Amino acid sequence: MSSRSLENKPSVLDDLGIGITSIVWPVSICMAVTVFLVRVLNPTGQTSSSTVFIASAAYNENGNADASSAQKLGGALLNAIIFISVIAATTVVLVILFKYQCYRFIFAYMGFSIASLLFVVTGVLLIQLLQVGNVNVDAFSFCYILWNFSVIGTLGSFFMPVPLLLKQCYMVWIGIMTAFIFTWIPDWTSWVLLVAMALYDIAAVLIPGGPLKMLVELAIEREQALPALIYESRPTEGYRGPNVWRRRRPEDDADVRAQVGQDVEDGQASLLVQQQIMTGRESEQHQQTQMQMQVHQSHDQGLGSEDASGAPLESGLVRQGRPLGEGREDGNSRGNYQELASGSPDSRPNEEAIATTEDLVIPVAEGREDSGDGLGRYNLLLGGLNVPLASSSPQAQQRESVIPGGSTSGNRQPFISEEKADGVAEKGDALFGHGIGTVTPSSGSSGGLSVGGDPDNRDRVSTAPLASGETTPGPQLRAAEEWDNVAEDDEEEVLDMGDGMKLGLGDFIFYSMLVGKAAQYDMMTVFASYIGIIAGLGITLLCLNIYRQALPALPFSIALGVLFYFSTVLVTEQYVVPLTSHYTFY
Amino acid sequence: MASSAITFFAYFFLGIGPGIAFFVAFISQKSFLVLLSFFSAFIWLIVLLFTSAIFKGFLPVPETASSYAGVLTTSVFIQEVVRYGVWWMHKKGIVILEKIARVKGRRFGMLDKLYLALAWGYGQSVCHTVFFYLSFLPLTTGSGTLYLSTCTQMSFFLVGALYSIAFGMLLSSIMVVFFDGLHTHNWAHVAFAPAIHLAASLMTLINLTQGGCVIAMPVVLGLGAASMVYAGQLAWRKGIIEALDETVLAPLATGDGLLEEQEMQPPAHDHASSGETLSGATHQRAVTRRVPTTVSG
């Protein structure tokens, strides 16, 4: 019917919270598969003190089966303390290595641990599964497939660009493996360990001297991503259209630098981002405008040759290179804008600009797009970090401290004491936070400039260059003002839920371990703790939106999960079972 | 192994299948509804924990109809009180969502509010299904089954599956009706929710008698289906009214719709004046709650 019909205008519910859902699904899958493995491979709920050596280093719970509850609790506490100390020590080692830029060592170690997990542990588990399922597979095929599986997984984690879905699957699989191994920890020890891990997580992430906090700050300061196993989600569904991820070419740097010229500060190379966004919403408002942004893949070369950090780091970690530079509140951004605008004097400046330099430099505000637009998607590179353009450097850092890297390292190998994958829920890569966004003179509007800004103003900014085709300071100043206004729009920031999330693999592991231990008791406890964990995760992600700094993801979820587990065991089950077994429901 | 897997999946799809289909069709399309359903399930789980904590002191419940009636009535009463609390949360959520919608330039109309109510209700039915049925389902992977002496016609799991369908339908739909009642101050709708819930719950007491399950089951299923149909009709009416408001009446009121009306008319009508076309157009629209009074001509 008319263009104003209901179907055309998208509802606010359509993609609100899509970032949270994109994390909830993989967490749920990880938990579900772990529960399945526990029920299938360990139906009697056996535990073993030797499976995870460091978890039973102090007190062998299974060896002292007839100890009193107090003794068991004490022994479990001792075990937990040792476990946590080992983890803290390895995290400190990681911080030191990271601080002194021993990246090769970090990556070599992580590669080794991932490879062994994906080959040895997966192999053993698969063999057991095949036995339970009575499936016959010959050794050669099995080894061949397993070998390929583990090699791709190892390379794809840090060393090679692989499709995002593949990487996500590997991350989830690593989480499943490790969590399943952890479910073999004896009961008392495992529950005390979970609670202790949650407490440690709070300490490590929030207390100023905590190793994780230091790691996060180092990463922000250096504008690099942490060497860690992190699950990242970049939801791409919706009506926004395809998202073009392009590999950044070194020559693009030169192009833009030529354009931007003296405005680029030393050591901060331009981060070229080009992303083509086809946005339904924007097309409604600004039919002609188009945001061009290019985002390079996570494994692209970082800033190119001037990054002195060394090749391996760039290939793996410097996900989006260095940000364009801080200090947007001064003339930098305007300078850039001016450059771009002046470069195309004719009546279609945006197209000119796009044609000549595909990669445009953008001020930070673009990153701050609300999740409704395609820009928001790109935003997820930032991890949905919303940073206003005109914020001063330290302030920007403050806001962006959310988070690089997420959780540290690795992977837990039971046989070797190693660094732990800690639980830090993060909202994007702080690197990016300084970032990237592109702006063509005309496209300032496509929602890019300000989230809660005045739509009329936006229109003005966007269409002015188009209409006039001139490069007077007028539209640019207006644009800059627009960007300045962005900083005040805190309300919209709070209301905005980012477009994608990163969650450290340690969180996956401990959530799934909790649910796996619950599965050894009964399915009702599984569902209860599952709901508790997801609720805790939701609360954590909400807090992330509000506080905008690196937050530990374990405490809320573990607290609710453990609470629901014990209350189900003690209370709910005795209430529900009689009701159900008399067929009286409500 | 194969037979146990078959029985497991059979009961699984029987009891949970409709719920999953409903989820995929309606809830999973919008992530916010997924989150809201999770949150709702979380709240109802807390209510369940609270209720079971209360009854911890009364366990084991004597196996008489009156004591079970007391348990059920109290539990339903607690749930209905919480339902009002859910409405309160819903109202707060709507304020925030309206703000977000305004900021982002999105739509937030009656249809979305209906979706929200549905998600709240769905969370409750998920909680019910999971704890009263799904938790027992893994027992079917073994090689046995379970029958109660009072009901030799249906196995424990079959009864659970059918009741989970029934209560799933019921709980999802009465939330919609309840919210609508509170929104429009229609007290009949407000009373509908607790009444139907209590009725369905007390109906299951018939299962305590020998052979009672055959009687109670269709009744409760019927109650669930009826409430679902009623809620569906209510939603349809409200949604249609909103759709008409936006697509027909508002444009007509502002006069913007005139051009489009003309465009859409077949060529034979092109020569007609705008007023004539308009009146012709309104004539075609059979269902309007109110006549657009601001249109000239």
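Here is the naming used below: chain letters follow the sequence lines, and residue numbers restart at 1 for every chain. From a predicted model like this one, the values you see are computed outputs, not experimental measurements. Computed from heavy atoms alone, side chains included, the values below leave out hydrogens, waters and symmetry copies.
Nearest heavy-atom pair across Ser31(B) and Gly17(A) is CB-O, 4.0 Å. Contact record, Tyr583(A) with Ser155(B): OH-C, 3.8 Å, taken as the closest heavy-atom pair. Taking every heavy atom of both residues into account, Met523(A) and Ser135(B) meet most closely at CB-O, 3.7 Å. The two residues Ala53(B) and Val571(A) make their nearest non-hydrogen contact at N-CG1, 3.3 Å.
For Leu560(A), the part lying near chain B is the side chain, with the backbone staying farther off; criterion is any non-hydrogen pair under 4.5 Å. Of the atoms belonging to Met217(B), not a single heavy atom falls under 4.5 Å from chain A. For chain A, the nearby parts of Phe132(B) are the backbone and the side chain; heavy atoms of each come within less than 4.5 Å. When heavy atoms are compared at a cutoff of 4.5 Å, Phe136(B) approaches chain A solely by way of its side chain, counted from C-beta outward. In this structure, the portion of Gln29(B) lying under 4.5 Å from any heavy atom of chain A is its backbone and not its side chain. Using a 4.5 Å cut-off between heavy atoms, Leu134(B) touches chain A through backbone and side chain atoms alike. At a 4.5 Å heavy-atom cutoff, the contact between Ile534(A) and chain B is made by side-chain atoms alone.
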**OP:** Go through Phe58(B) and Tyr575(A) one step at a time and tell me if the ring-ring contact (aromatic ring centres under 6.0 Å, His included) criterion holds.
**Re:** CA-CA 10 Å; Phe58(B) 296 88; Tyr575(A) 168 74; over 10 Å; no
Subject >> Chi angles and distances behind the side-chain contact (heavy atoms from CB on, under 4.5 Å) call for Arg106(B), Asp14(A) >> reply: CA-CA 9 Å; Arg106(B) 300 288 189 91; Asp14(A) 276 344; 4.3 Å; yes
**OP:** Start with the C-alpha distance between Thr584(A) and Val71(B), add both sets of side-chain angles, then the distance that settles side-chain contact (heavy atoms from CB on, under 4.5 Å), and finish with yes or no.
**Re:** CA-CA 10 Å; Thr584(A) 53; Val71(B) 171; over 6 Å; no
Original post:
Should Leu16(A) and Leu97(B) be marked as a side-chain contact (heavy atoms from CB on, under 4.5 Å) after you check the CA-CA gap, both sets of side-chain angles, and the distance that decides it?
Top reply: CA-CA 9 Å; Leu16(A) 189 64; Leu97(B) 283 172; 3.3 Å; yes
**OP:** Walk me through it: do Leu33(B) and Leu13(A) pass the test side-chain contact (heavy atoms from CB on, under 4.5 Å)?
**Re:** CA-CA 7 Å; Leu33(B) 294 181; Leu13(A) 298 178; 4.2 Å; yes
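Remark: the Tyr115(B) side chain and the Ser11(A) side chain contain no N/O donor-acceptor pair separated by less than 3.5 Å. Side-chain atoms of Tyr68(B) and His582(A) form a donor-acceptor pair, as typed in the model, at a separation below 3.5 Å.
Separation of atoms CZ (Phe38(B)) and CG (Leu537(A)) is listed at 9.5 Å; rounding is to 0.5 Å. Residue Ser52(B) holds its OG atom at 10.5 Å from CD of Glu573(A), rounded to the nearest 0.5 Å.
Side-chain contact between Ile46(B) and Phe564(A) is present, with at least one heavy-atom pair separated by less than 4.5 Å. Two residues are said to be in side-chain contact when any heavy atoms from C-beta on lie closer than 4.5 Å; Phe131(B) and Ile531(A) meet this criterion. Leu49(B) has its side chain out of reach of Leu563(A): every pair of non-hydrogen atoms, C-beta onward, lies at least 4.5 Å apart. Looking at Ser201(B) and Phe585(A), their side chains never come closer than 4.5 Å, going by heavy atoms from C-beta outward. Residues Leu35(B) and Thr21(A) are in side-chain contact: their nearest non-hydrogen atoms beyond the backbone lie under 4.5 Å apart.
Of the residues considered (Leu202(B), Asp112(B), Val130(B)), Asp112(B) shows the highest number of contacts with chain A, using heavy-atom pairs under 4.5 Å. Per-residue counts of heavy-atom pairs under 4.5 Å with chain A were compared for Thr51(B), Val61(B), Leu205(B); the largest is that of Thr51(B). The most heavy-atom pairs under 4.5 Å with chain A, out of Leu148(B), Thr150(B), Asn207(B), come from Leu148(B). Options Tyr133(B), Phe156(B), Phe39(B), Phe55(B) differ in how many heavy-atom pairs under 4.5 Å they form with chain A, and the most are formed by Phe156(B). Contact tally against chain A (heavy-atom pairs below 4.5 Å) for Leu45(B), Ile206(B), Val76(B): the top residue is Leu45(B).
By the 6.0 Å contact criterion, CZ on Phe50(B) is open, its count of non-hydrogen atoms from other residues, nucleotides or ligands being 12 or less. Heavy-atom neighbours of Phe36(A) CZ from other residues, nucleotides or ligands within 6.0 Å: at or below the threshold of 12.
Side chain of Thr204(B) to main chain of Tyr586(A): no donor-acceptor pair is present (N/O by atom type, distance under 3.5 Å, no hydrogens or angles).
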